[in-house]
Asks: 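Okay, here's the structure, questions in a sec.
Numbers here are sequence positions counted from 1. Fair warning: this is a prediction, and the values are worked out from it, not measured in the lab.
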Amino acid sequence: KAIVIPKSILSKQCVRNEIIGNLYITDIGYYAKALTHYQKRINGSEQHILIYCWEGKGNIEMEDTIFQLEAGNFIIIPRKTAHTYYADAVLPWTIYWIHFLGTGSDLLVKQLSNYKAYIGFAEERKTLFNTIYSRLERGFSRENMIYANLCLHQYLADFIYADKQLINEAKQGKDKVEEAIDFMRS
């Protein structure tokens with residue numbers, strides 16, 4: 001399933017919108033066990049692309065590197081970066097993906113320490129994706145566009161800053177309350 005937001009809607013509802021013009025969705029989708037999924041863009045895409053692998057695996061060729069994406073991994077392909085991606089022939093990927101743009105999107109993508117990382121599985125992340133998708137399925141009204149794109153900020157932050165959050169948690173360790181809760185549960 002996929003939604004491609006028409007350019008006329010993006011122009012009218014997003015590009016000059018003071019609330020969401022800095023970061024907005026252009027395309028969004030979910031492909032389950034996408035055996036024949038293949039895309040080659042010699043000049044890259046006009047948008048940044050987030051691909052989150054829920055199960056299976058696939059490959060992304062970009063900047064003379066082949067990245068293998070497995071379940072729990074994500075990659076962000078910067079806009080205008082030549083790339084090819086495809087599902088594994090034996091264990092094809094199930095992916096959630098979003099193309100995004102906006103006046104702040106380049107700066108946001110530059111926050112990445114790596115294009116690809118492991119983020120694991122969180123039902124909250126899947127729920128947030130489905131919330132964004134279902135809101136856009138209802139139509140492209142001003143309210144739906146603003147709502148979906150405000151959710152996009154949280155969704156992308158979860159990927160871009162996940163490694164920093166994990167590092168901070170590891171440095172800080174558990175606090176006394178967390179330790180007591182864990183002790184009481186065991």
Side-chain angles (χ1 to χ4, degrees), residues 1-15 17 20-62 67-89 91-102 105 108-109 115-116 119 121-160:
K1 64 183 187 174
I3 297 173
V4 177
I5 301 170
K7 288 184 180 185
S8 61
I9 299 293
L10 293 172
S11 178
K12 192 188 311 183
Q13 299 278 13
C14 300
V15 174
N17 185 309
I20 59 172
N22 66 323
L23 190 64
Y24 56 87
I25 298 162
T26 63
D27 311 83
I28 184 171
Y30 166 82
Y31 296 149
K33 295 182 173 62
L35 180 60
T36 60
H37 188 222
Y38 175 88
Q39 185 65 249
K40 182 174 187 160
R41 295 185 179 101
I42 295 170
N43 297 315
S45 172
E46 286 300 311
Q47 310 89 17
H48 303 285
I49 304 169
L50 165 70
I51 301 173
Y52 173 43
C53 184
W54 187 258
E55 61 183 29
K57 58 186 176 179
N59 293 298
I60 296 94
E61 298 175 14
M62 175 175 72
F67 298 93
Q68 186 174 65
L69 218 60
E70 296 177 337
N73 290 150
F74 77 92
I75 192 164
I76 294 183
I77 302 170
R79 67 191 194 99
K80 298 184 180 179
T81 301
H83 63 271
T84 302
Y85 53 80
Y86 47 92
D88 184 79
L91 195 60
W93 59 15
T94 293
I95 57 170
Y96 294 85
W97 56 269
I98 295 180
H99 289 224
F100 61 96
L101 264 180
S105 64
L108 185 66
V109 170
Y115 294 124
K116 176 197 162 201
I119 195 167
F121 309 93
E123 284 302 317
E124 297 86 9
R125 189 176 310 117
K126 197 169 159 182
T127 299
L128 186 55
F129 179 92
N130 289 330
T131 298
I132 294 167
Y133 194 93
S134 66
R135 186 56 71 128
L136 293 173
E137 267 186 326
R138 293 182 197 153
F140 304 129
S141 69
R142 182 176 190 278
E143 293 77 16
N144 286 345
M145 294 301 289
I146 290 173
Y147 187 92
N149 284 292
L150 288 176
C151 290
L152 174 67
H153 285 76
Q154 179 182 351
Y155 190 74
L156 289 177
D158 196 34
F159 290 94
I160 292 172

Asks: Output the distance between atom OG (S11) and atom CG (N17), rounded to the nearest 0.5 Å.
Replies: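 If I round to the nearest 0.5 Å, the distance is 11.5 Å.
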
Asks: Sequence neighbours excluded, which residues qualify as salt bridge (Lys or Arg N to Asp or Glu O under 4.0 Å) partners of K33?
Replies: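 Only E55 meet the salt bridge (Lys or Arg N to Asp or Glu O under 4.0 Å) criterion with K33.
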
Asks: Among all residues two or more places apart in sequence or in another chain, which pass the side-chain hydrogen bond (donor to acceptor under 3.5 Å, both in side chains) test with S105?
Replies: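 S105 satisfies side-chain hydrogen bond (donor to acceptor under 3.5 Å, both in side chains) with H48 once adjacent residues are dropped.
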
Asks: Among side-chain atoms of Y52 and R125, is any donor-acceptor pair under 3.5 angstrom?
Replies: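 Indeed, the side chains of Y52 and R125 share at least one donor-acceptor pair under 3.5 Å.
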
Asks: Taking the inter-plane angle between the rings of F129 and Y155 on a 0 to 90° scale, is it parallel (under 30°), tilted (30 to 60°) or perpendicular (over 60°)?
Replies: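 Because their plane-to-plane angle lies in the 30° to 60° range, the rings of F129 and Y155 count as tilted.
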
Asks: Taking the six-membered ring for Trp, are Y30 and Y133 closer than 6.0 Å centroid to centroid?
Replies: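 Between Y133 and Y30, which both carry aromatic rings, the centre distance is not below 6.0 Å.
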
Asks: Can you tell me how far the CD atom of Q68 sits from the NZ atom of K116, to the nearest 0.5 Å?
Replies: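 Answer rounded to 0.5 Å: 7.0 Å.
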
Asks: Could you tell me which residues satisfy salt bridge (Lys or Arg N to Asp or Glu O under 4.0 Å) with R135, sequence neighbours excluded, listed by chain and number?
Replies: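 So R135 forms no salt bridge (Lys or Arg N to Asp or Glu O under 4.0 Å) with any residue.
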
Asks: Got a sec, which residues hit salt bridge (Lys or Arg N to Asp or Glu O under 4.0 Å) with R41, two or more places apart in sequence or on another chain?
Replies: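 Expected list: none.
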
Asks: By side chain to side chain contact (heavy atoms under 4.5 Å, CB included), which residues pair with E143, not counting sequence neighbours?
Replies: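 E143 satisfies side chain to side chain contact (heavy atoms under 4.5 Å, CB included) with S141 only.
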
Asks: Drop me the distance from L23's CG to N149's CG, to the nearest 0.5 angstrom.
Replies: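 Answer rounded to 0.5 Å: 7.5 Å.
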
Asks: Please round to the nearest 0.5 Å and tell me the distance separating atom CZ of R79 and atom OG1 of T26.
Replies: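 Answer rounded to 0.5 Å: 11.0 Å.
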
Asks: Is the W93 ring parallel, tilted or perpendicular to the H37 ring (thresholds 30°, 60°)?
Replies: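 Tilted, since the angle between the ring planes falls between 30° and 60°.
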
Asks: How many angstroms lie between CZ in F67 and CG in N73, if you round to the nearest 0.5 Å?
Replies: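 Taking CZ in F67 and CG in N73, the distance rounds to 11.5 Å.
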
Asks: Testing I25, L50, I28, L128 for side chain to side chain contact (heavy atoms under 4.5 Å, CB included) with L152, which one passes?
Replies: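 It is I25; the other options fail the test.
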
Asks: Looking at residues at least two apart in the chain, or sitting in another chain, which of them share a side chain to side chain contact (heavy atoms under 4.5 Å, CB included) with K80?
Replies: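 Per chain and number, K80 pairs via side chain to side chain contact (heavy atoms under 4.5 Å, CB included) with E46.
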
